[in-house]
Amino acid sequence: MKRILVILITGSLFFLESCKDNDPSCTKTVSEAVLAKVDQTRLAADIATIDGYLASKSITAQTEPNGVRYVISNLGTGTTPCLESRIKVTYSGRLLFSGIPFDSSSTGVTFRLSDLVVGWQLVLPTIPSGSKVTLYIPSGYGYGINIAAGGKIPSNSNLVFDIELLEVI
C-alpha cells in the first residue's frame, strides 16, 4: 500500500512539474511588439561592438537569438522564471568598454522580471535559479537612448551585468 502511495505522489509531482512549462500564465518570451521598438540598425552595430569586445577578451559567449550575449559561470538546478515572476538576485552592472560600475547589490534583492531591462527578460527565463550568468546587453535592450542611473549610464550604452539568480519567487 505504501509503495502505491509513493508511486501516486511521485507521479502527481512529476505531472505538476511538467505543467509549469505549459502554464499559460507563464510567459517565457518577450513580445514582438517590445522587440520591434528597438532600432535595428543600432542593434546590429551594438552586436558587432559586443562581439568585437568579447573576441578581444577571448570570451566565448552564448548568443540569445535577439542579440544578447551571455556566459554562464555556474548553472543552477532550480526553477526558471517567467516574465511575471519575482526573482531574487545579486548583481552588478557596468558599462561595456570602460567597465565603470553603475549599480549593484551584493545582498539579495527582489524584482519582477518584467520590470527589468529587456536584456534580462530575454535571457533569464532560460536560466535556472542557483545560476551565475554574465549578460552583454546591446543598448536597445538596456536603456536605449535614455540617460539612466542618475547620469551614470550615457545614451546608447552597451551594458554588462553579472547576475546570480538566487531564487524564483
Side-chain angles (χ1 to χ4, degrees), residues 2-35 38 46-47 50-51 53-54 57-96 99 101-143 148-149 153 158-169:
K2 287 183 182 179
R3 184 175 176 172
I4 292 172
L5 185 58
V6 169
I7 290 170
L8 287 173
I9 290 172
T10 304
S12 297
L13 290 174
F14 177 76
F15 176 77
L16 289 174
E17 188 65 28
S18 68
C19 287
K20 288 182 181 178
D21 291 335
N22 297 324
D23 182 352
S25 67
C26 177
T27 309
K28 295 281 189 172
T29 57
V30 176
S31 75
E32 289 299 321
V34 169
L35 298 176
V38 175
D46 286 347
I47 290 170
I50 291 169
D51 287 345
Y53 173 86
L54 294 172
K57 302 288 186 186
S58 299
I59 298 171
T60 302
Q62 297 180 55
T63 301
E64 195 283 327
N66 290 301
V68 175
R69 303 325 193 217
Y70 63 99
V71 175
I72 300 171
S73 57
N74 181 51
L75 185 61
T77 58
T79 305
T80 59
C82 305
L83 294 179
E84 300 83 6
S85 298
R86 293 175 49 80
I87 57 172
K88 185 175 183 179
V89 297
T90 60
Y91 70 95
S92 62
R94 64 187 183 279
L95 303 177
L96 179 70
F102 57 80
D103 194 14
S104 68
S105 176
S106 59
T107 60
V109 293
T110 302
F111 301 104
R112 184 168 310 282
L113 182 53
S114 61
D115 292 339
L116 301 173
V117 295
V118 174
W120 285 45
Q121 295 176 41
L122 289 167
V123 176
L124 289 186
T126 67
I127 306 294
S129 60
S131 297
K132 291 182 180 181
V133 61
T134 301
L135 304 180
Y136 299 89
I137 302 176
S139 65
Y141 296 145
Y143 297 100
I153 304 174
N158 296 314
L159 308 174
V160 179
F161 282 97
D162 296 306
I163 303 166
E164 181 175 8
L165 180 55
L166 300 171
E167 184 179 358
V168 176
I169 302 169

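Keep in mind that this is a model prediction, so the values were computed, not measured.
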Subject >> Rounded distance (nearest 0.5 Å) linking atom CD1 of I72 with atom CD of Q62 >> reply: 4.5 Å
Would you give me the side-chain donor-acceptor pairs under 3.5 Å for residues 115-132, sequence neighbours excluded?
unit_1: Q121; atom_1: NE2; unit_2: S114; atom_2: O; d: 3.2
unit_1: Q121; atom_1: NE2; unit_2: L116; atom_2: O; d: 2.6
unit_1: T126; atom_1: OG1; unit_2: V123; atom_2: O; d: 2.6
unit_1: S129; atom_1: OG; unit_2: T79; atom_2: N; d: 3.2
unit_1: S131; atom_1: OG; unit_2: G76; atom_2: N; d: 2.7
unit_1: S131; atom_1: OG; unit_2: P128; atom_2: O; d: 2.6

Original post:
What distance separates S105 OG from E164 CD, expressed to the nearest 0.5 Å?
Top reply: 11.0 Å
Subject >> With Y141, the side chain to side chain contact (heavy atoms under 4.5 Å, CB included) member among N66, N158, V30 >> reply: N66
**OP:** Decide yes or no for T134 and V160: does some side-chain heavy atom of the first lie under 4.5 Å from some side-chain heavy atom of the second?
**Re:** yes
Subject >> Beyond-backbone contact of L165 with V89, side-chain heavy atoms, under 4.5 angstrom >> reply: yes
Subject >> Minimal non-hydrogen separation, L83 against R112, with atom names >> reply: O-CG, 4.1 Å
Original post:
For the atom pair CD1 (I87) and OG1 (T110), what is the distance rounded to the nearest 0.5 Å?
Top reply: 8.5 Å
Subject >> T60 side chain near V71 side chain, heavy-atom distance below 4.5 Å >> reply: no
**OP:** Please check if the side chain of K28 supplies one atom and the backbone of P81 the other of a donor-acceptor pair under 3.5 Å.
**Re:** yes
Original post:
Between the side chains of D103 and Y91, does any donor sit under 3.5 Å from an acceptor?
Top reply: yes
Original post:
Is I47 close to R69 at the side-chain level, that is, under 4.5 Å between some pair of heavy atoms?
Top reply: yes
**OP:** Show your reasoning for whether side chain to side chain contact (heavy atoms under 4.5 Å, CB included) applies to T90 and L166.
**Re:** CA-CA 7 Å; T90 60; L166 300 171; 3.9 Å; yes
**OP:** Measure the spacing between CG of L95 and CZ of F102 and express it to the nearest 0.5 Å.
**Re:** 6.0 Å
Subject >> Which atom of D46 lies closest to which atom of P138, heavy atoms considered >> reply: CB-CB, 3.7 Å
**OP:** Report yes if the distance between the aromatic ring centroids of Y70 and F161 is under 6.0 Å, otherwise no.
**Re:** no
Original post:
Say you draw a straight line from CD1 of I153 to OH of Y143; how long is it, rounded to the nearest 0.5 Å?
Top reply: 5.0 Å
Original post:
Side chains of E64 and L135: closer than 4.5 Å at any heavy-atom pair?
Top reply: no
